[in-house]
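This report concerns only the one structure given below.
This is a predicted model, so every value here is computed, not measured. Sequence positions, counted from 1, serve as the residue numbers for this chain.
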Amino acid sequence: MPGRIQGSVVSITDRGSLVTDVMADQLRDAPRDERTQVRCDEHFTQGIFPPDHGEPEMTFLAVLGESGPLQLEIVGENASLMLGIRVGQRVVVEWV
């Protein structure tokens, strides 16, 4: 069943990951594969990955543990500085 959740970036970690107010329980029905798209500003990624994803450097990812908030990161880089995203920026998660 298609879904859509809108949230925002509420904080930035000291490593530059973007912490959102979209929580794990809100995403329990969202597929973890390419059917799910996460957008922030003009940037987007497909899929939701676990914290131990093992994706290559410079990959823009949506990361979600079993509980807690959805985070957006660039593997090995500071996503906030690299993408120019600050607290308050809108985040949209959509799936089909």
Side-chain angles (χ1 to χ4, degrees):
M1 170 172 250
R4 183 176 199 269
I5 297 172
Q6 185 171 308
S8 62
V9 174
V10 294
S11 66
I12 299 170
T13 69
D14 54 349
R15 295 181 63 189
S17 295
L18 309 168
V19 181
T20 75
D21 59 358
V22 178
M23 301 303 288
D25 62 334
Q26 294 175 278
L27 295 169
R28 68 179 165 274
D29 295 330
R32 299 304 192 241
D33 59 22
E34 69 279 349
R35 293 174 290 169
T36 299
Q37 183 179 81
V38 181
R39 288 180 315 202
C40 184
D41 197 21
E42 73 261 9
H43 309 285
F44 73 92
T45 184
Q46 290 185 245
I48 297 174
F49 293 81
D52 61 348
H53 53 75
E55 293 297 306
E57 296 282 317
M58 300 301 293
T59 305
F60 182 49
L61 298 174
V63 177
L64 183 67
E66 291 190 31
S67 63
L70 181 72
Q71 293 191 38
L72 303 175
E73 65 179 49
I74 296 178
V75 180
E77 287 294 326
N78 184 312
S80 176
L81 290 177
M82 190 163 221
L83 302 177
I85 296 173
R86 302 282 180 242
V87 170
Q89 183 68 48
R90 187 174 71 151
V91 174
V92 178
V93 182
E94 293 180 301
W95 63 92
V96 293

message: Which heavy atom of Val9 sits nearest to which heavy atom of Cys40, and what is that distance?
response: CG2-SG, 4.0 Å
query: Side-chain donor-acceptor pair under 3.5 Å between Gln89 and His43, yes or no?
result: no
- prompt: Should Met58 and Leu83 be counted in the same cluster of Ile, Leu, Val, Met, Phe, Trp and Tyr side chains packed under 4.5 Å apart?
  reply: yes
field: Heavy-atom closest contact (Ser67 atom, Ala24 atom, distance)
entry: CA-CB, 3.7 Å
message: If the threshold is 4.0 Å, N to carboxylate O, is there a salt bridge linking Glu94 and Arg39?
response: yes
- prompt: What distance do Glu73 atom CD and Thr13 atom OG1 have between them, rounded to the nearest 0.5 Å?
  reply: 8.5 Å
task: For residues Ser80 and Ile12, report the shortest heavy-atom separation together with the two atoms involved.
output: OG-CD1, 3.3 Å
query: Is the side chain of Asp21 donor-acceptor paired with the backbone N or O of Gly7 at a distance under 3.5 Å, no angle test?
result: no
- prompt: Applying the 4.5 Å side-chain criterion to the ILVMFWY set and letting contacts propagate, would Ile48 and Val96 be lumped into a single cluster?
  reply: no
field: Pairwise side-chain contact, Trp95 with Ile5, heavy-atom cut-off 4.5 Å (strictly under)
entry: yes
- prompt: Within the side chain of Thr36, is there an N or O that forms a donor-acceptor pair under 3.5 Å with the backbone of Pro31?
  reply: yes
- prompt: Does one hydrophobic cluster hold both Met82 and Val19, with members joined at side-chain heavy-atom distances below 4.5 Å?
  reply: no
field: hydrophobic_cluster_shared for Leu18 and Leu81, side chain cutoff 4.5 Å
entry: no
query: Taking atom OG of Ser8 and atom CD1 of Ile85, what is their separation to the nearest 0.5 Å?
result: 12.0 Å
Working for side chain to side chain contact (heavy atoms under 4.5 Å, CB included), residues Thr59 and His53: CA-CA 11 Å; Thr59 305; His53 53 75; over 6 Å; no
query: Any chance CZ of Arg15 has more than 12 other-residue heavy atoms, nucleotides or ligands included, within less than 6.0 Å?
result: no
query: Is Thr20 reaching over with its side chain to a backbone N or O of Leu70, donor-acceptor style, under 3.5 angstrom?
result: yes
query: Is it the case that more than 12 heavy atoms not belonging to Arg86 sit under 6.0 Å from its CZ atom?
result: yes
query: So, for Gly16 and Asn78, which heavy atoms are closest and what is the spacing to 0.1 Å?
result: CA-OD1, 3.3 Å
Shared hydrophobic cluster for Leu72 and Ile74 (ILVMFWY, side-chain gaps under 4.5 Å): yes
Option passing side-chain contact (heavy atoms from CB on, under 4.5 Å) with Leu64 (candidates Val38, Leu27, Val93): Leu27
task: Quick one: closest heavy-atom pair of Val75 and Pro56, and the distance?
output: CB-O, 3.4 Å
message: How close do Ala62 and Gly47 get, counting heavy atoms only, and between which atoms?
response: CB-O, 3.8 Å
